[in-house]
Amino acid sequence: TAGVAVLTTLRGSGHEPAPLRHYYVQAENVDWVIAPTGYDDDKLGRKVAAEDTRFPAIVLRGYEDPEFTRPLPRPAWMGILGPIIEARVGDQILVHFRNRDFGYGRPHSLHTHGLRYRIASDGGWMPHQKPPQPGTAVAPGEEYTYEWEAGPDSLGTWFYHDHSVDAADNIRRGMLGGVVVRGRDEQPADREYVLLFSNFSRAVTRLRRDFFTINGVAFMGGLPGLEARVGERVRFRVIGMGDEFHTFHLHGHRWPLSGQVVDNVAMAPASTATFDFVEAGPGLWMLHCHVLDHAENGMMQHYLVTDR
């Protein structure tokens, strides 16, 4: 997993203890490099100048402690993605959010998809609401705790994101993380990857071109760690976000989805898909969006499969 939540239990009369998961999530400013390999693509090997790949992002980062001093471990394949909120059906989730966006100086919030919550934990700012609902415009330097619950209808892959005053721009700058909800007795796959398909437009980054990315990274080789061994069960959890439709296509692989066998999955903005297979084909495989313009402008990565 991408990080471990702090666990306690809630005890109710006549019921089994319900795990209470604590997550500590912070909004931070980073200079994000979209093409860290320094190459435009693997086929032509064109170099990309640093000034054409770096821009001031706002990201969500996880911590192990209430003081926000010990960062959660982050595998390289997560890229720009915020911490993954993991839970099982029946779990209560407390997300302790701190806004450290002093670069833009904006208020922020967290809003989740797929989980249950009351209005005080919605995070959706509305301009006509005076004063704003608590938790919808957390000022720089301030904190707020969101209370979420993983219900029976929360199984699967979801995500959370900023939903405050400048929500659209903040999401486009990187303020999004994954949510994974498993059944009480469900076993995770041998390998699980959460992949965000989105774009960075020049209107947001002020760069010379648009980039289409997987977990905020463009072009193959930029997300090390997407790998498996023959015989392992691999589960991909994919998220679409932004202003355009995308697809997930993995060379040399097929999997069952919605009653048929496919090798390409379409994703609308704010949609997700979850699928898995037992790995059988060693090699260095291409993983990319099949919207041709998106692939040509960065939405492609490597997926490495080795023998046992």
Side-chain angles (χ1 to χ4, degrees), residues 1-2 32-50 52-54 73-82 84 157 174 176 178 188-200 209-242 246-255 257 262-267 272-308:
T1 59
W32 187 252
V33 179
I34 300 173
T37 61
Y39 286 93
D40 187 291
D41 60 59
D42 282 1
K43 297 185 293 296
L44 301 179
R46 295 175 294 193
K47 295 288 283 184
V48 177
D52 289 339
T53 69
R54 187 186 303 271
R74 290 182 55 81
W77 61 260
M78 285 183 66
I80 204 169
L81 199 66
I84 299 170
T157 304
L176 188 147
D190 298 307
R191 310 269 183 160
E192 293 201 12
Y193 299 109
V194 180
L195 299 182
L196 167 67
F197 284 62
S198 62
N199 66 293
F200 292 122
R209 57 179 291 189
D210 298 334
F211 288 96
F212 289 84
T213 67
I214 300 174
N215 283 357
V217 175
F219 300 111
M220 289 187 285
L223 284 180
L226 291 176
E227 57 190 33
R229 293 181 178 179
V230 170
E232 290 184 324
R233 179 164 292 278
V234 181
R235 180 168 296 139
F236 281 98
R237 301 176 180 272
V238 295
I239 303 167
M241 184 50 77
H246 304 295
T247 79
F248 173 101
H249 175 59
L250 178 59
H251 286 206
H253 293 73
R254 292 146 306 285
W255 53 88
L257 188 68
V262 301
D263 70 354
N264 192 67
V265 179
M267 294 173 290
T272 65
T274 307
F275 46 88
D276 56 78
F277 48 80
V278 175
E279 189 54 74
L284 184 63
W285 301 98
M286 289 182 65
L287 181 163
H288 63 90
C289 176
H290 230 299
V291 178
L292 301 182
D293 178 62
H294 299 179
E296 288 181 334
N297 284 283
M299 198 168 270
M300 57 174 68
Q301 286 298 331
H302 290 150
Y303 167 65
L304 176 65
V305 180
T306 56
D307 288 314
R308 292 177 182 269

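Remark: side-chain polar atoms of W32 are paired, donor with acceptor, to backbone N or O of G216 under 3.5 angstrom. Between the side chain of T157 and the backbone N or O of R237 there is no donor-acceptor pair closer than 3.5 Å.
Y193 meets the ring-ring contact (aromatic ring centres under 6.0 Å, His included) test with W77, F236; sequence neighbours excluded. The side chain to side chain donor-acceptor pair (under 3.5 Å) check on N199 picks up nothing, with sequence neighbours excluded. The side-chain contact (heavy atoms from CB on, under 4.5 Å) search around L284 returns H302, L304, not counting sequence neighbours. Residues that satisfy the side chain to side chain donor-acceptor pair (under 3.5 Å) test with T213, not counting sequence neighbours, are absent from this structure. Residues that satisfy the ring-ring contact (aromatic ring centres under 6.0 Å, His included) test with F212, not counting sequence neighbours, are H294. With sequence neighbours excluded, no residue forms a side chain to side chain donor-acceptor pair (under 3.5 Å) with H290. Shown here are the side chain to side chain donor-acceptor pair (under 3.5 Å) partners of N264, two or more places apart in sequence or in another chain: T247.
Listed by first and then second residue, the salt bridge (Lys or Arg N to Asp or Glu O under 4.0 Å) pairs that reach into residues 273-283 are R233-D276, R235-D276, sequence neighbours excluded.
Counting all heavy atoms, side chain and backbone alike, M78 lies closest to I84 at CE-CG1, 4.0 Å.
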Can you give me every donor-acceptor pair (side chain of residues 218-226, partner residue at least two apart or in another chain, under 3.5 Å) with its distance?
none

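Using a 30° and 60° split on the angle between ring planes, W285 and H253 fall in the perpendicular class, above 60°.
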